[in-house]
Amino acid sequence: MRWQGLVYSRKGSHALQEAEAHFVLRAPNPHAQAVRMRNISYADLANPSLHALPTYEPGKPIETVALEYGIDAVSIVKMASNENPLGPSPMALAAASAVLRDANFYPDGNTTLLRKKLAHHWGLAPDQFVIGNGSNEAMILLAQSFLLPGDEVVFGSEAFIVYKLAALLFGAKPIPVPMPAHTHDLDAMRDAVTAKTKLVFLACPNNPTGTTNPPEAILAFARSLPPHVILCVDEAYAEFPTLTADLRPLINEGRKIVGARTFSKIYGLAGLRVGYLYGNPSLATLVQKARQPFNVNLVAQAAAIAALDDTAFVHHARETNTAGMHQLATGLRSMHLDFIPSEGNFLVFHTTGAKRIFDTLQQRGVIVRPLVGYGMPESLRVTVGTHAQNERFLQTLYEVR
Ligand SMILES: Cc1ncc(COP(=O)(O)O)c(C=O)c1O
């Protein structure tokens with residue numbers, strides 16, 4: 001009976017319906033039944049949403065490239081995942097090391113101290129924060145908390161791929177809106193909103209394009225959305241541009257807006273996986289319910305708390321990025337290569353034969369990111385590195401292009 005119950009709950013799978021007919025209509029023959037059971041694949045049993053899901057392709061780790069090409073890992077520079085080239089915040093590193101001795105304990109499942117610290121940092125209340133295993137997880141939790149099959153999710157056609165994944169994962173329909181000049185077209189996004197729209201994602205700055213919209217335009221866009229729509233402003237790189245929108249007045253007004261931030265970029269803690277949502281307490285309370293009890297580990301919590309005080313490191317990281325961006329832009333211009341001016345810690349440049357250039361750079365120990373998955377097959381994305389790393393990238397690109 002249990003087996004039949006499973007079959008009835010998975011509509012649309014022919015293999016299962018046939019198996020069900022066999023199971024129900026014929027006298028049970030244990031051998032035939034075993035053969036039939038073997039013909040049912042895991043794919044038949046899977047949640048149908050998974051079939052449409054594209055695979056997220058992360059930047060290649062240094063160790064993998066070292067193995068693949070037989071080169072010394074120490075000589076490789078990874079400029080593929082928009083990580084901080086300066087390493088982790090030193091204050092975060094010290095806190096993380098100190099707390100390791102308590103690794104026999106579960107972490108605080110309520111992330112009490114981190115939410116308190118964030119509340120102080122932002123002038124908000126602790127119950128306005130949801131901490132995730134990276135902001136990636138936090139945004140998936142947001143989607144999980146609100147999306148139902150048939151809902152629509154609006155985002156830019158060249159926006160961070162996770163928005164599309166979040167929609168598909170919960171059976172919602174992704175609505176990508178074209179991005180002229182690689183920038184979010186806020187009017188077109190507003191026009192794409194229907195009665196079925198539940199979530200809108202807006203990355204400021206966006207990955208991979210590096211573009212952002214003026215803060216006033218973002219706030220006006222947020223105000224223009226109807227009350228059945230939640231706007232998630234993804235601010236993973238918001239510490240890099242000179243101007244960013246302050247979402248707090250809109251949150252306090254009761255607008256359906258939520259910010260997503262991360263410790264992966266300016267604080268240099270990508271490997272620890274910690275990020276957060278901030279918004280209305282009633283939104284946060286709902287999203288908290290979708291979360292696993294210990295989703296953010298002990299070390300990540302301690303490091304994030306300390307990182308928020310490391311203003312000297314943040315300042316240094318921002319200055320290094322500004323100088324590095326200038327260095328990369330100057331180098332690309334001198335090679336007559338077009339690029340998209342970026343407000344983040346990465347840059348997209350256009351080239352013919354991007355696949356060959358990507359492979360050759362990698363063979364020579366410089367890892368960048370191809371953008372085929374974003375519909376930009378003749379573009380590559382490079383993360384701003386230290387002065388020496390940028391120089392190495394530019395010199396190698398000059399030789400291989
Ligand atoms: C736009 C954007 N949002 C969110 C994330 C996810 O960051 P996290 O490491 O916090 O999951 C990234 C990571 O690259 C990103 O580019």
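Treat the numbers as computed from the prediction; the structure is a model and nothing was measured. Counting starts at 1 for both ligands and their atoms, in listed order.
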(request) Considering only NZ, NE, NH1 and NH2 on the basic side and carboxylate oxygens on the acidic side, decide whether K355 and E378 come within less than 4.0 Å. (result) no

(request) Could you tell me whether the side chains of E343 and Y237 share a donor-acceptor contact shorter than 3.5 Å? (result) no

(message) Check this for me: does any side-chain nitrogen of one of R261 and D234 sit under 4.0 Å from a carboxylate oxygen of the other?
(response) no

(message) Can you list every protein residue that has a heavy atom under 4.0 Å from any atom of ligand 1, sorted by chain and residue number?
(response) G134, S135, N136, M139, F160, N207, D234, A236, Y237, T262, S264, K265, R273

(request) Could you check whether the rings of W122 and Y278 sit parallel, tilted or perpendicular, using 30° and 60° as the cut-offs? (result) parallel

(message) I need the minimum non-hydrogen distance between L202 and L186, along with the two atoms involved.
(response) CD1-CD2, 3.8 Å

(request) Look at E239 together with R318 and state whether they make a salt bridge at an N to O cut-off of under 4.0 Å. (result) no

